[in-house]
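Written out below as structure tokens is the structure these notes cover.
Positions are given from 1, in the same order as the sequence printed here.
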Amino acid sequence: MKAIRKGKEFYEKCKEDKTFKVLASPDDRVRMKLVHVDQESLVTGHAATVVDTGLEDCAAFAYYQASRENRRNMKKDGLSQLVEKKISDHSQYYITT
């Protein structure tokens, strides 16, 4: 839970930070930006969109994200961890390292 709390605090800092660079997104429905939080040299990417779909599709996506097959493929792609946190009925955080 500590990692989730730190991730949420970091996300809030990113949202509030006005020193960001807007990125061109290949999908016009997704807003993307790069953020240097607290003037660090590390850059964090932030993407936001609105999903207009039914409950079944959202549940299927969450099920796939948590699947063993997806976890194996993530490791092949160089991702070591996926943390998923439900914030509300309308928001979720997906944090990868």
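Within 6.0 Å of OH on Tyr63 lie no more than 12 heavy atoms contributed by other residues, nucleotides or ligands. Atom CG of Asp77 is surrounded by more than 12 heavy atoms from other residues, nucleotides or ligands within 6.0 Å. Counting heavy atoms of neighbouring residues, nucleotides and ligands inside a 6.0 Å radius, atom CZ of Arg71 exceeds 12 of them.
Proximity of Thr49 to Arg29: side-chain heavy atoms (C-beta onward) are separated by under 4.5 Å at one or more points.
Here the closest heavy-atom approach between residue Val30 and residue Ala47 is recorded as CG1-CB, 4.1 Å.
Ser67 places a side-chain N or O within 3.5 Å of a backbone atom of Asn70 that can act as its donor or acceptor partner.
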